[in-house]
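Here the structure comes first, spelled out in structure tokens, and everything after it is commentary.
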2 protein chains.
Amino acid sequence: MTDGRFYPEMATSGNRGDVGVTVGLNAIVVAVTGDVPRILTVRRPLEIADHPLDSNEAETAPEHSGDGALGGREGVPFGPLDPVADRTLELGLRRWLAEQTGIEVGYLEQLYTFGDRGRVAPVGNRFLSVAYLALTREVEVSGSGAPIWAPWYSYLPWEDWRDGPPAILGKHIFPALQDWIASASTDRSWAQRHERAQIAFGLGGTPWNRNRVLDRYELLFEIGLVAEAVPGTDSASTHGVEIGRPMALDHRRIVATALERLRGKLSYRPVAFELLPGTFTLLRLQQVVEALSGERLHKQNFRRLVEQNRLVERTGDIEVRTGGRPAELFRFRREVLRERPAIGVVIQRGRLATETHNG
Amino acid sequence: MTDGRFYPEMATSGNRGDVGVTVGLNAIVVAVTGDVPRILTVRRPLEIADHPLDSNEAETAPEHSGDGALGGREGVPFGPLDPVADRTLELGLRRWLAEQTGIEVGYLEQLYTFGDRGRVAPVGNRFLSVAYLALTREVEVSGSGAPIWAPWYSYLPWEDWRDGPPAILGKHIFPALQDWIASASTDRSWAQRHERAQIAFGLGGTPWNRNRVLDRYELLFEIGLVAEAVPGTDSASTHGVEIGRPMALDHRRIVATALERLRGKLSYRPVAFELLPGTFTLLRLQQVVEALSGERLHKQNFRRLVEQNRLVERTGDIEVRTGGRPAELFRFRREVLRERPAIGVVIQRGRLATETHNG
DNA sequence: AGCGTTATGCTCATTGTGAGCATAGTATTC
DNA sequence: GAATACTATGCTCACAATGAGCATAACGCT
């Protein structure tokens, strides 16, 4: 007892009895192809996905095979933590991600730990997911194979404002929000709902805040416009309408968390470069940033921001296949991490996005 | 199998055998008294701290009592997750925090999940800590009682620049860094070490970045200037010098993570108000911000920032006991959360801090 | 009354941001 | 082969935000 070690039988006295906690590692793997942001999804846990399964095999699965785990819906890939072999959580994640997908992950960052009840196993264990955000280079979608690169915004269609406000907002979301606010039972409740909707969705003069992804998701979940497959959570019953592609369990919540984090990072860390090949045109860079932030940027100002902050340097090479005047190829200047430790590619305050009226 | 539930026997196949994972919830509870930022610390796990224990009882503890858990050093309080009763992790944390300290926590945010090996129990279980950051109102330190409000910077003294660069930097840290860089075996390694030190500690023209707390901590840990009590981690052996007050296990790392997160939040979220009473003078607000950011701010510009962004509103009341001209009392305008959803009390780029030469 | 101390108002130079005009090179079309 | 479409790139200008500091106000104390 003199070694200063940690004795968990005290630390987890709440874990008495036969109910334990089980831990898995989830990865939101992000890539951008062209102007489409994508995340890696699977239809059942990766470790048993030993062959391509674009086909839906849910019906044929025997009672205890793995397919029911995701209920036939896609989810984000996860892998187990090996408490013995994995020295750190991050190494554990890299291990199974490499083993099971072969994907080369550059940037990797812990996102959040999800542990609400409802994530419960039949054996009664509590289930905990430590989710990581992983960024990988621009990839061409491989048509086959078990994991599927799914367009990120297919799950959160209200988040993509690149072509103006998504139609779904006016058509379904705003009316549902109005109903929800109007149906408040007390004045106090009305005011709270009103303010919450205003903040999350930018109603009545409040500007739309691209970063408030999780607020929006959770509000939509509460009013029953998006569903989760987690039993025991108390969402309103479905509203008749279902918005966006559903995912297994609470995975869409995890995906929303990842988008919020990544959008936040954009403004103070040069994360976009993790998603691009070694050299790229400024348009490609801008497309990646727009894809993630969900907003259009003013082209000349974007260029000015990137060049004046010396985030990139010329390579001397030229990209010819632009459809117009050839563009110079740039590479990321890693030195900026030292020179200006907090620098990003979108600005933080005010209206950052503008339609270009340059044509 | 038709309910879409999650079946952890697949999800955690890595957990086979008799090695399991044990989960605890840690809380970094922050308060500011005057200009001293403090965190709540304990000398042994809170659930067995049923009476004041400022005295060190390590020697008298029987073999399986709890005292050895923190090895006689202070740590941050933690409590168990009750997998059955606690619907969410956050509620679980609020439960034991209320039960065991009675502290009224306003702001609560998940910080990070720590799960490196080394956090291992004698029974062989892997230990996972989900850490939360909690902010509470300005408190006067109660001299006695089990939990102790310890000055935050006593653990991380190199982070407090309010009175200029801390002496410890020039005296111990910079020389140690130089040694460490010089002792690199290859050119590549030298360059890497050099760049890392430069980024973390702002050497040679690179500005000191107040937010890079974790980088600095981890570098100091690697070169052996700060110690952790976690077995199996490979820090350099102690350098002869020990900087800052040590903590149990890897708790100082958790504390550094919390400081980094909080400093980051300062610039885009009005978190400082969570640490203040309902009404306050602008000086009090500034002191809190300075205490957390570790830097002095220009008084008139700080006032301008706060007032022009309409973060506060006048109460009409006056605080007389200022030592000079009486100051107006303000209150936080909660509406700003709706009007300007991303707003903070320190700016992000450039040199934000300046000594006022106003006298 | 004079001094120390903190509060508060205001100015001014500089930099950062939003918006758009103008021109340069490609490929494609008539 | 000129017109057209399209993307790249250079540049300007108004306005907002920031860094720094001067000046004055209002208290307690000697």
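Numbers restart at 1 for each chain; the letters A, B, ... are given by sequence-line order, proteins then strands.
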Any donor-acceptor N or O pair under 3.5 Å, side chains B/R284, B/Q287: yes
Check: B/R304 side chain, C/dG9 base, donor-acceptor under 3.5 Å: no
Side-chain N,O (A/R303) to OP1/OP2 (D/dT9) below 4.0 Å: yes
Integer-rounded Å distance: C/dT8 P and B/Q300 CD: 12 Å
Whole-Å gap separating P (D/dT7) and CZ (A/F302): 17 Å
Value in whole Å for how far the C1' atom of D/dA8 lies from CG of A/D317: 16 Å
SB check A/K265 A/E109 (cutoff 4.0 Å): yes
Side-chain N or O of A/K299 closer than 4.0 Å to phosphate OP1/OP2 of D/dA8: yes
Length of the line joining B/E307:CD and C/dT8:P, which is rounded to integer Å: 8 Å
Donor-acceptor pair under 3.5 Å, B/R325 side chain vs D/dA26 base: no
B/N309 (side chain) donor-acceptor with B/L311 (main chain) under 3.5 angstrom: no
Value in whole Å for how far the P atom of D/dA16 lies from CG of B/L305: 17 Å
